[in-house]
Number of protein chains: 2
Amino acid sequence: MTTNRQEPNLGILLFVAYRALERRAHDALVAAGITDITLAQARIAARIGPHGTRVSELAEQARVTKQSAGFLVEQLEATGYVERVPDPADRRARLVRLTARADKVVKTANSEVDRVLAEWAEHVGPDRLRQVYETLLDLREITDPWR
Amino acid sequence: MTTNRQEPNLGILLFVAYRALERRAHDALVAAGITDITLAQARIAARIGPHGTRVSELAEQARVTKQSAGFLVEQLEATGYVERVPDPADRRARLVRLTARADKVVKTANSEVDRVLAEWAEHVGPDRLRQVYETLLDLREITDPWR
DNA sequence: TGCGATAGACAGATTATCTGTCTAATCTGG
DNA sequence: CCAGATTAGACAGATAATCTGTCTATCGCA
C-alpha cells in the first residue's frame with residue numbers, strides 16, 4: 001500500500017506510465033498476430049541480453065523468484081522464442097537466448113515502443129522526457145540492487 | 001515484450017523505480033507486524049479515495065479486471081481493512097472504504113513512501129525529482145484513459 | 001580440501017488473474 | 001416516458017503466475 005491520497009503520488013504515476021508502455025507493446029504483438037506470448041513471459045523476454053542471460057539474472061531484473069522466471073522461460077522455450085545453452089563460464093548455469101523466431105517479436109515490440117515514446121515526446125517535449133529518463137537512470141543506482 | 005536492448009530503456013527504468021517504491025512500502029508494513037496484506041491487495045487498497053471508491057474504478061486504476069479487483073476487495077474486507085457500503089448516488093454500486101483498522105497501515109505505508117522519496121531527492125536532487133513528477137503528471141493525460 | 005554460497009531443477013501449494021455469464025439499476029434517444 | 005443500450009458488480013470456472021521449500025551439482029575461497 002503506497003498511499004491513498006487523491007492527488008496522484010509518484011508511485012502511481014510511475015505505474016501508470018509503465019503499464020501504458022507495456023500494454024501498448026503487448027497489444028502491438030497481438031495486432032501483428034503474435035498471440036502466444038503472455039505479458040508475464042514478455043516481461044522476462046524483454047530482459048534477455050544479446051549474448052544470453054541466466055535465469056537467476058532474469059529473475060532479479062523482473063523482480064520474481066528464480067522459480068517463476070524458470071517457469072516462464074520454460075514456456076518461452078516451448079513456443080520456440082528462446083533456447084537454453086550451457087554457460088561456458090559456469091557449468092552450473094545455462095544461458096537463455098532469443099532464437100531467430102523471436103526476431104519479428106522483438107522488432108514489432110521495439111518499433112511500438114519507439115512510437116509510444118515519440119507520442120510522449122510530442123506531448124511533454126523531448127527535453128522533459130529525456131530528463132525523466134536521465135533522472136530515473138541515476139535513481140537506478142539506489143533502487144536497483146543489481147547494477 | 002518491450003525490448004531487449006542492453007542500455008536500459010525507459011520502460012524498465014519506470015518499472016524498477018515503481019517496484020522499488022512499492023516493495024519498500026510493503027516491507028515497511030511487514031516490519032511493522034502487518035503481514036496479512038499482500039502486494040496485490042495493497043495495490044488495490046492504495047487507490048481507495050477518502051470518500052470511498054467503486055470496485056470498477058479500483059479495477060481501472062490498478063489495471064485489472066473488475067473480477068480481480070472484486071476478489072481482492074473481498075479479501076481486504078475479510079481481514080477488516082475495508083468495508084463496502086451502498087453508493088447513495090447509484091443503487092447498483094457499492095463504495096469500498098477504508099476502515100479505522102486501516103489507519104495504521106496507511107500511516108505506516110505513507111511514512112515509508114515519504115522516507116523513500118526523501119532518499120531519492122537526496123540522490124538526484126529535489127528539483128530533478130519534482131521534474132519527473134510533473135512530467136509524468138502531464139503524461140498521464142495520454143497514458144491514463146480515465147482522467 | 002573442505003565449507004558456505006550459487007545456479008537452477010523439481011514438487012506442491014497458493015494467489016492472482018482472466019473470460020464468460022447473469023441480474024439489477026441507470027442512462028439516453030426517440 | 002419508455003425501450004434499448006450501458007454500467008455495476010456478483011457468480012462460476014479455468015488458467016496463469018507466483019511463492020516456499022527442497023535437492024543436486026558446481027563454484028569460490030580460505
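Within every chain, numbering begins at 1; the chains are lettered A, B, ... in the order of the sequence lines, protein sequences first and strands thereafter.
The CZ atom of Phe71(B) sits 8 Å away from the P atom of dT15(C) (whole-angstrom rounding). Remark: C1' of dT14(C) and CD of Gln41(B) are 13 Å apart, rounded to the nearest angstrom. Asp90(A) has its CG atom 10 Å from the C1' atom of dG28(D), to the nearest Å. As rounded to whole Å, 13 Å separates atom C1' of dA16(D) from atom CG of Leu76(A). Distance Asp36(A) CG to dA16(D) P: 12 Å, rounded to the nearest Å. As a whole-Å value, the separation of Glu57(B) CD from dA8(D) P is 9 Å. Straight-line distance from the CD atom of Glu74(B) to the C1' atom of dA10(D): 9 Å, rounded to whole Å. The interatomic distance linking Arg23(A) (CZ) with dC18(C) (C1') rounds to 11 Å, in whole Å.
OP1 or OP2 of dT26(C) lies within a sub-4.0 Å distance of a side-chain N or O belonging to Arg91(B). OP1 or OP2 of dA10(D) lies within a sub-4.0 Å distance of a side-chain N or O belonging to Arg84(B). A sub-4.0 Å separation between OP1 or OP2 of dA17(D) and a side-chain N or O of Thr38(A) is present. Considering only side-chain N and O atoms, Thr65(A) lies nowhere under 4.0 angstrom from the phosphate OP1 or OP2 of dT18(D).
Distances from the side chain of Leu72(A) to the nucleotides dA17(D), dC19(D), dA16(C) place dA17(D) closest. Comparing dA7(C), dT18(D), dT17(C) by their closest approach to the side chain of Val64(A) singles out dT18(D). Side-chain proximity of Lys66(A) to the nucleotides dA7(C), dT17(C), dG9(D) is greatest for dA7(C).
Taking only distance into account, the side chain of Gln67(B) meets the base of dG20(C) through a donor-acceptor pair shorter than 3.5 Å. In terms of polar N and O atoms assigned as donor or acceptor, the side chain of Arg92(B) never comes within less than 3.5 Å of the base of dT26(C) in a complementary pairing.
A cation-pi arrangement is absent between Arg43(A) and Phe15(B), since the terminal nitrogen or guanidinium carbon is not both under 6.0 Å from the aromatic centre and inside a 45° cone about the axis.
Just one of Arg97(B), Arg84(B), Arg101(B) meets the salt bridge (charged side-chain N to carboxylate O under 4.0 Å, His left out) condition when paired with Glu77(B); it is Arg84(B).
Among all heavy-atom pairs drawn from Ile48(A) and Leu98(A), the shortest one is CD1-CD2, 3.9 Å.
Residue-level contact check: Ser56(B) touches the backbone only, with heavy atoms under 4.0 Å from sugar-phosphate atoms and none from bases.
Between Arg54(B) and Ser68(A), the residue anchored nearer the 5' end of DNA chain D, judged by the nucleotide with its closest heavy atom, is Arg54(B).
In the model, Tyr81(B) has a side-chain atom that pairs as donor or acceptor with a side-chain atom of Asp36(B) under 3.5 Å.
Open room surrounds CD on Glu122(A); 12 or fewer heavy atoms of other groups in view lie less than 6.0 Å from it.
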